Amino acid sequence: MAIDRQHYVLCSHCDLVIELADIVIGHKAVCSRCNTTLAKNNNNMKFRATIYAVCSLIMIIVACGFIFIDIRIVGNFIGISVLDIPKTLFFDKYSYISALFILFVLFFPIVNLVIIVFLCSKLRLTKYRKRDLLIVYEKFQHWCMPEIFLTGILVSFVKLMSYGSIGVTGTFWAFCLFVFFYIKSLVIFSPEAIWNEIHRNNFATDTLKVGKTGICQNLKLCKCCQAILPVQYIKCPRCKQKSKIRDRDKIQWTLALLVTSLILYIPANLFGIMITVVLGASSTSNIMDGVIYMWQAGDVPVALVIFIASVIIPILKIISLSWLCYFALAVKRKNKRNCLKMKKLYTAVEFIGKWSMIDIFVVSVVCSLVRNQQMMGVYPDIGVTFFATVVIITMIASQKFDPRLIWDRPQNRQ
Ligand SMILES: [Zn+2]
Ligand SMILES: [Zn+2]
């Protein structure tokens with residue numbers, strides 16, 4: 001009797017072999033050991049994902065074309081479009097931040113939306129083309145931040161109120177809709193369904209033992225397409241990417257990156273992130289100055305948001321990842337409860353990491369809007385560059401960490 005090999009999956013977080021039953025439409029399957037989502041069955045996935053992606057793309061075209069926020073400072077009217085923000089940063093000689101803005105807020109999300117449209121519409125693509133598109137999609141997905149930019153705009157409004165009166169145009173609502181449709185299409189789109197169209201996900205020759213780990217059955221998971229591979233395969237036949245049974249050496253990478261980010265965290269907090277020039281007199285403010293200023297002005301929630309996102313989260317991330325590395329390498333007696341706690345910590349670090357970019361976006365918006373040549377201007381300062389680098393390095397550090405090491409016990413490795 002032929003076995004339906006497609007119904008086996010290997011959990012990417014805890015390496016358990018699980019047999020999937022047919023998933024009811026609108027539901028998802030989760031790992032019985034670590035609660036990681038393994039597969040989802042969204043009703044009419046391709047059609048709905050295409051519709052939302054197309055709507056999102058239309059909205060971003062509208063949002064880029066016109067003025068979306070304006071401010072009146074002492075009678076002068078200044079309005080900016082989304083594209084004016086990277087332009088201003090570029091002319092201020094902060095081309096690094098300008099490039100990050102274009103990539104994280106516009107380029108990566110737009111490319112991924114186009115990929116969703118290509119993969120889900122009725123276009124005839126070869127399986128090689130599908131494979132390339134899915135690889136690009138997975139790579140870009142970590143770095144898409146339009147929702148963080150939108151939150152950054154809302155936070156910057158509170159800061160901007162002290163400079164003048166702010167207004168939003170219809171284009172601003174188009175940008176909000178872009179973010180909403182973008183998130184909807186991501187939630188609906190299921191890359192594993194497209195991977196399974198290219199080839200079944202199981203390349204194991206023997207029957208799999210459900211409820212046992214992959215490592216003790218000489219199986220490994222392809223990190224790129226989540227296929228189950230026998231350990232002797234160097235390249236995955238489905239996505240042609242190299243994979244290892246464990247990325248044990250990547251822990252050194254994680255630790256090296258954490259030390260780098262810790263060193264950069266010092267200048268990021270000591271140097272100013274914004275220079276305010278009023279009637280020719282300039283003053284520099286760093287992250288903590290901004291928080292204290294907001295707190296004293298009575299904007300306690302915004303002060304807390306910036307304090308948590310910019311000061312607490314990077315430090316918590318560095319401590320958490322160091323602890324995870326220690327747990328994965330040095331702790332010998334691991335029980336399920338501790339492993340589950342560590343898994344939750346890792347998921348939190350992965351989710352929360354990019355939210356530290358919020359302060360960079362706040363500075364970008366404020367600097368682009370407050371440019372009244374005669375009276376006052378706000379300019380970015382060198383601290384922004386250090387801070388953005390800290391966020392990026394800690395994000396790479398968490399991506400390098402292999403969560404399966406949390407669950408590995410010495411006896412599994414034989
Ligand atoms: Zn699991
Ligand atoms: Zn693969």
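Numbers here are sequence positions counted from 1. Remember, it's 1-based here, ligands and their atoms both numbered in the order they're listed. What you are looking at is a predicted structure, and each value in this text was computed from that prediction instead of being measured.
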Output field for angle at the Zn ion (ligand 1), Cys34.SG vs Cys14.SG, rounded to 10°, should show 110°
Would you call Asp15-Lys220 a salt bridge at under 4.0 Å N-O?
no
Taking N, O or S atoms only and a limit of 2.8 Å, check whether Cys11 reaches the Zn ion (ligand 1).
yes
Between the CE atom in Met395 and the OG atom in Ser356, the distance rounded to the nearest 0.5 Å is 9.5 Å
Above 12 or not: heavy atoms from other molecules or residues under 6.0 Å from CG of Leu123?
yes
State plainly whether the residues Lys127 and Asp132 are in salt-bridge range, i.e. N to O under 4.0 Å.
no
Taking 2.8 Å as the cut-off, does an N/O/S atom of Cys224 lie below it from the Zn ion (ligand 2)?
no
To the nearest 10°, how many degrees is the angle Cys236 SG to the Zn ion (ligand 2) to Cys222 SG?
120°
